[in-house]
Chemist: 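Below is one structure. I have some questions about it.
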Amino acid sequence: NLVHLNRLLRDKSWYKGDKLKNKPMYFSFLAVSITALAACFLRFFQLIRFTDSKTGFVIGNELITYILYGVLILSVVFAVIYSLIARNKIRKISFIGNKGIYISLIALCIAYFFDFVHQVNNCYSYIQTASRQSYVEYNYLLPMGFQAIFALLSCYYLIVCAKSVRETKIDFKNFKLFHLVPLAWGFCRLLVIMTEIFDVESVESFLEFIFIIFYCGFTLCCASCIDNEKKLIKPSFSFFALGLFSLSFSFSFARILMIISGEYEKLSKVSFSAVTYLFIGIFALISELSVYIIKNKGDN
């Protein structure tokens, strides 16, 4: 395993002896990162040159879309390889006192609050528009409203988790039902996506849909890890964590790059928060980097 990225970069001895067994795992992780970066810049180029700013649909050079999907599929394949190698390891996660996780939890808490504000604004704007049309689609409005509520509850849950990391008397493991709050947020977001005009030809909508699927899988793995008495990390955790990071970085950071580069006016209006999605992916990555190997299966 990576044990921790910094530890691997410092410890050159991983090329020798038993460390050699972790070499395929290390390179499969790098492959996921590189393919995610490549997909991000492909999507960024596509947003600048070949995307309708009103609809968000790709309006030219469809070859880039196929290459983008191919790179992301390759990234997921490398995540599968990584998780298959992890099946032969007995692993746990370094949680208490982990500065990386602590900082990422605080950042993620802020990101969820940003999504709360964003969804409240979406609800307000929709109600104003619906009142003029005298027609309200509650199957769209209600999931969006519940998404805002669960985003706020997720903020509280993440603050408790962050305090637990700092080795205080608060233990987030005792908050049984709250472990499923982030999953409820993702489920509500999935309902919103399904009630919007969903078209697989819309690259952004399709990528967001797959992202939420990976997000739900990751949150379920997190909840399962917390409830596991031995606190062992399963290979599925690594698969969803790396896949989630790859998808998050590929399309959410591309939107942020558009803003940074001054091309904001070319972005279509969306109901999700790219900042929230990006920090979710970063948290998933840091969580996986905090996993360490106890021993290889079969070792005495």
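Computed over heavy atoms, backbone and side chain alike; hydrogens, waters and symmetry mates excluded.
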Chemist: Is there a donor-acceptor pair closer than 3.5 Å between any side-chain N or O of Tyr82 and the backbone N or O of Tyr26?
Modeler: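 A pair under 3.5 Å: no.
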Chemist: Quick one: does Ser125's side chain have a donor or acceptor within less than 3.5 Å of a partner on Asn122's backbone?
Modeler: no
Chemist: Would you please test Tyr292 and Arg91 for side-chain hydrogen bond (donor to acceptor under 3.5 Å, both in side chains) and show each step?
Modeler: CA-CA 6 Å; Tyr292 62 94; Arg91 307 178 303 153; over 6 Å; no
Chemist: Are there over 12 heavy-atom neighbours, none belonging to Glu62, within less than 6.0 Å of that residue's CD?
Modeler: no
Chemist: Taking atom types as modelled, find out whether Tyr277 and Arg189 have a side-chain donor-acceptor pair closer than 3.5 angstrom.
Modeler: yes
Chemist: Can you measure from CZ (Phe116) to CG (Leu153) and round to the nearest 0.5 angstrom?
Modeler: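 Those atoms lie 10.0 Å apart.
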Chemist: Donor-acceptor pair, Ser104 side chain versus Gly100 backbone, under 3.5 Å?
Modeler: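 Side chain of Ser104 to backbone of Gly100, a donor-acceptor pair under 3.5 Å: yes, one is there.
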Chemist: Is it the case that atom CZ in Phe44 sees more than 12 heavy atoms from other parts of the structure closer than 6.0 Å?
Modeler: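 Correct, the count exceeds 12.
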Chemist: Mind checking the CD1-CG spacing from Ile280 to Asp115? Nearest 0.5 Å is all I need.
Modeler: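 Output value for this atom pair is 7.5 Å.
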Chemist: Assert yes or no for the condition that the ring centre distance of Phe214 to Phe239 is strictly below 6.0 Å.
Modeler: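 Judged by ring-centre distance (under 6.0 Å), Phe214 and Phe239 do meet the cut-off.
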Chemist: Taking atom CZ as the centre, does Phe50 end up with more than 12 heavy-atom neighbours from other residues, nucleotides or ligands that are less than 6.0 angstrom away?
Modeler: yes
Chemist: Taking Arg255's backbone N and O only, do any of them form a donor-acceptor pair with Tyr264's side chain (distance below 3.5 Å, no angle check)?
Modeler: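 A pair under 3.5 Å: no.
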Chemist: For the ring pair His118 and Phe272, is the centre-to-centre distance below 6.0 Å?
Modeler: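 When the ring centroids of His118 and Phe272 are compared, they turn out to be at least 6.0 Å apart.
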Chemist: Show the nearest heavy-atom pair for residues Ala111 and Thr276, with the distance to one decimal.
Modeler: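 Closest approach of Ala111 to Thr276: O-OG1, 2.8 Å.
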Chemist: Does Ser261 use its side chain to pair, donor to acceptor, with the backbone of Leu257 at less than 3.5 Å?
Modeler: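 Yes: the side chain of Ser261 pairs with the backbone of Leu257.
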Chemist: Determine the minimum heavy-atom distance between Leu207 and Leu68, stating which atoms define it.
Modeler: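 Of all heavy-atom pairs spanning Leu207 and Leu68, the closest is CD1-CD2, 4.3 Å.
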Chemist: Atom OG in Ser248, atom CG in Leu285: separation rounded to 0.5 Å?
Modeler: 10.0 Å
Chemist: side-chain contact (heavy atoms from CB on, under 4.5 Å) for Val58 and Gln46? Distances and angles first, verdict last.
Modeler: CA-CA 8 Å; Val58 175; Gln46 191 177 57; 3.6 Å; yes
Chemist: For a quick check under 3.5 Å, do Asn139 and Thr195 share a side-chain donor-acceptor pair by atom type?
Modeler: no
Chemist: Got a sec: does the CZ of Phe146 have more than 12 other heavy atoms crowding it under 6.0 Å?
Modeler: no
Chemist: Could you give me the CA-CA distance, side-chain angles and deciding distance for Lys54 and Ser268, then say whether side-chain contact (heavy atoms from CB on, under 4.5 Å) is met?
Modeler: CA-CA 5 Å; Lys54 292 183 179 180; Ser268 60; over 6 Å; no
Chemist: Please check if the distance between the ring centroids of Tyr112 and Trp185 is under 6.0 Å.
Modeler: yes
Chemist: Tell me if the centroids of the rings in Phe218 and Phe237 come within less than 6.0 Å of each other.
Modeler: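 Ring centroids of Phe218 and Phe237 are less than 6.0 Å from each other.
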Chemist: Hey, do the aromatic rings of Phe283 and Phe245 have their centres closer than 6.0 Å?
Modeler: no
Chemist: Aromatic contact between Phe78 and Phe29, with the criterion being ring centroids under 6.0 Å apart: yes or no?
Modeler: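 Aromatic pair excluded; centres sit 6.0 Å or further apart.
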Chemist: Can you check ring pair (Phe, Tyr, Trp, His ring centres under 6.0 Å) on Phe114 and Phe279, steps first, answer last?
Modeler: CA-CA 11 Å; Phe114 182 83; Phe279 277 98; 9.8 Å; no
Chemist: So, the side chain of Ser246 versus the backbone of Gly243: is there a donor-acceptor pair under 3.5 Å, distance only?
Modeler: no
Chemist: Please indicate whether Tyr140 has more than 12 foreign heavy atoms, meaning atoms of other residues, nucleotides or ligands, lying under 6.0 Å from its OH.
Modeler: yes
